[in-house]
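Written out below as structure tokens is the structure these notes cover.
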Amino acid sequence: MRKQSGQTRRITRLVWTPEPVVAEQSLGEILAQQPPDDISSFLQSLRNDELQDLYHRWSFWGRTAQLPPEGEWGLWLILAGRGFGKTRAGAEWVRMIGENQDDAIIALVGANLAEARAVMVEGESGLLSVAHPAMRPEWEPSLRRLRWPGGAQARLYSAAEPDSLRGSQHGYAWCDEIAKWHNGGGQALATWDNLKMGLRLGERPRIVATTTPRPVSLLRKLLSEKQAILTRGATTDNRSNLPTAFLEDMQRDYGGTSLGRQELLGEILDELEGALWSRDLLDRCRIAAGDSNKPQRVVIGVDPPASSSGDACGIIVAGLGGDGRAFVLADVSVEKASPERWARAVSDAAQFWSADKIIAEANQGGEMVRSVLQAGEYILPVKLVHASRNKTARAEPVAMLYEADRVRHIGLFAKLEDQLCGMMAGGDYEGPGRSPDRADALVWALTELMLGRQSRPQLRDLQ
């Protein structure tokens, strides 16, 4: 028999360790990467009962992000894209409690009873599927209850029926897809409050909440809890367990879209009522790089920061096509940069994109851009503009260009688009960060390209 490698021998020693193993990959993934002879030798060294135990040992198959956090915690919140393995992580955590704490009472809360049963109990990654045969719980549908051989119980609840949790006591809870819980009339928040008030069994009650994130009130509430442990992840984190065709289809259909950022990357995307831009509007304006013609004119909008330790320097490259549409070509903004550094970034972008002009806000040191360019080898006009109105007021005519289908984004500009969706009609900004620096740079660039004197007649029907 071939001698096992050091990596495989390490796996052999760790298989029977009761504590979760911390590694970037699961031990199962590490084993799969070993030479075939080493894998065969390792498996042949195990008895049949050990093989069965290995098959059901979550500390061997689970990735680090799917294993329970160490230390004292009350809430473990898993926000991740579809296919990440959230359901499996939640089910395995409940299974661990059910098999090892005979007096445990666990609440299983889904958006409704049908989903709780179909996903959390009977699903492919549900509690019945992941159970070890020797410790498989008995499922009592009429009582909405799972009972483990040792006596531990898990009870199903619907988030659509908050009062069903009133009066019940538990030591643990698994809440699935909390961003889907209906909150008309405040049901989702009421369900969570009733659950928390009944979580009073044992010395350290705990909740695991798994969901693909959406900007809903309950999720915002949980993210504000200081004692919460947060795990984030994307669909591709679980690529070794997902069909290649599925991943390719998802990337082709949803890569570079707001929906993809939410459902695949697990990001929380705000959709604010009254914002000048919406996610849907930006997605409609998005095209691939190969779908645009060479721009006839290129400008760079710059929103300089007040200091090097403050906001980012917004630097947006935009071009004007032969069809009269504007194209957002690049976001090369820089964070916490000195004046020399961000001015150099503007210069580099101008050379790379063969820009015709730089539009910089004079209020915050726009002269620095002019001086750096004049000191270098690449010289081009720098137009300094003065902000006589607030940022959102300047943005309104540009937002109208998007509504009129006169602007295209060449790809996804996540940080820029998050800021655009925080620009509110009426003058307020409610997006990420203190200031919409990237959005303001875009406004300067598109104003120069589309709202100059030669373009104004084309916009009269919009005003």
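Numbers here simply count residues along the sequence, with the first being 1.
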Look at the side chain of Asn238 and the backbone N and O of Gly83, then say whether any donor-acceptor pair between them is shorter than 3.5 Å.
yes
Just wondering, do Leu77 and Ile178 contact through their side chains at under 4.5 Å, heavy atoms?
yes
Taking Asp237 for the side chain and Ala234 for the main chain, is one N or O donor matched with an acceptor at less than 3.5 Å?
yes
Residues pairing under salt bridge (charged side-chain N to carboxylate O under 4.0 Å, His left out) where one sits in residues 172-183, two or more places apart or in two chains, turn out to be Glu115-Lys180
Going from CG on Leu75 to CG on Leu230, what distance comes out if it is rounded to the nearest 0.5 angstrom?
9.0 Å
Taking the basic N atoms (NZ, or NE/NH1/NH2) and the acidic carboxylate oxygens, is any pair closer than 4.0 Å for Asp283 and Arg279?
no
When you compare the side chains of Gln419 and Asp437, does any donor N or O come within less than 3.5 Å of an acceptor on the partner?
yes
Could you tell me if Ser333 and Asp331 have a donor-acceptor pair between their side chains, going purely by distance under 3.5 Å?
yes
Check for a donor-acceptor pair, side chain of Asn183 on one end and backbone N or O of Ala188 on the other, with a separation under 3.5 Å.
yes
Flag the pair Thr447 / Pro397 as yes when at least one side-chain heavy-atom distance between them is below 4.5 Å, and no otherwise.
no
Is the backbone of Ala209 close enough, under 3.5 Å, to the side chain of Lys86 for a donor and an acceptor to pair up by distance?
no
Could you tell me which non-hydrogen atom of Gly319 sits nearest to which non-hydrogen atom of Leu329, and how far apart they are?
N-CD1, 3.9 Å
Taken to the nearest 0.5 Å, the spacing of Trp73 CH2 from Arg206 CZ works out to 5.0 Å
How many angstroms lie between atom CD1 of Ile300 and atom CG of Asp356, to the nearest 0.5 angstrom?
9.5 Å
Could you tell me whether a side-chain N or O of Arg325 sits under 3.5 Å from a main-chain N or O of Asp405, the two making a donor and an acceptor?
yes
More than 12 foreign heavy atoms under 6.0 Å from CZ of Phe246: is that the case here?
yes
Describe, in one word, how the ring planes of Tyr402 and His409 are oriented to each other, choosing from parallel (under 30°), tilted (30 to 60°) and perpendicular (over 60°).
perpendicular
For Thr231 and Ala65, the nearest pair of non-hydrogen atoms, with its separation, is CG2-O, 3.6 Å
Residues passing the ring pair (Phe, Tyr, Trp, His ring centres under 6.0 Å) test with Tyr157, sequence neighbours excluded, are His170
Across all chains, not counting sequence neighbours, the side chain to side chain contact (heavy atoms under 4.5 Å, CB included) partners of Ser129 are none
Least distance between heavy atoms, Tyr254 atom then Thr257 atom:
O-OG1, 2.7 Å
Rounding to 0.5 Å, atoms CG (Leu79) and CD (Gln262) come to a distance of 11.0 Å
Under 4.0 Å between a side-chain nitrogen and a carboxylate oxygen: does that hold for Glu335 and Arg438?
yes
Smallest separation among heavy atoms of Val443 and Arg394, with atom names
CG1-O, 3.5 Å
Are side-chain heavy atoms of Arg261 and Asp418 found at a separation under 4.5 Å?
yes
Could you tell me the separation between the CG atom of Leu199 and the CD1 atom of Ile106, rounded to the nearest 0.5 Å?
11.0 Å
Given 3.5 Å as the limit, does a donor-acceptor pair link the side chain of Arg82 with the main chain of Leu264, or not?
no
If you define the side chain from C-beta out and look only at heavy atoms, does anything of Leu446 sit under 4.5 Å from Ile316?
no
Is there any salt bridge (charged side-chain N to carboxylate O under 4.0 Å, His left out) pair reaching into residues 118-129, and which pairs are they, with sequence neighbours excluded?
Arg117-Glu122
On the 0 to 90° scale, with breaks at 30° and 60°, tag the Trp192-Trp181 ring pair as parallel, tilted or perpendicular.
tilted
Only counting residues at least two apart or in another chain, list the ones meeting side chain to side chain contact (heavy atoms under 4.5 Å, CB included) with Ala91.
Leu127, Val130, Trp174
Got Phe60 and Leu31 here, is their nearest side-chain heavy-atom distance under 4.5 Å?
yes
Using side-chain heavy atoms (C-beta onward) and a distance below 4.5 Å, is Glu92 in contact with Gln66?
no
Scanning both residues in full, the closest heavy-atom pair of Trp444 with Val302 reads CD1-O, 3.8 Å
To the closest 0.5 Å, what do you measure between OG1 (Thr244) and CG (Asp249)?
10.5 Å
Flag the pair Thr236 / Met250 as yes when at least one side-chain heavy-atom distance between them is below 4.5 Å, and no otherwise.
no
Can you name the ring pair (Phe, Tyr, Trp, His ring centres under 6.0 Å) partners of Trp58, sequence neighbours left out?
none
Least distance between heavy atoms, Trp277 atom then Leu420 atom
CE3-O, 3.4 Å
Quick check: do Arg297 and Lys357 have side-chain heavy atoms less than 4.5 Å from each other?
yes
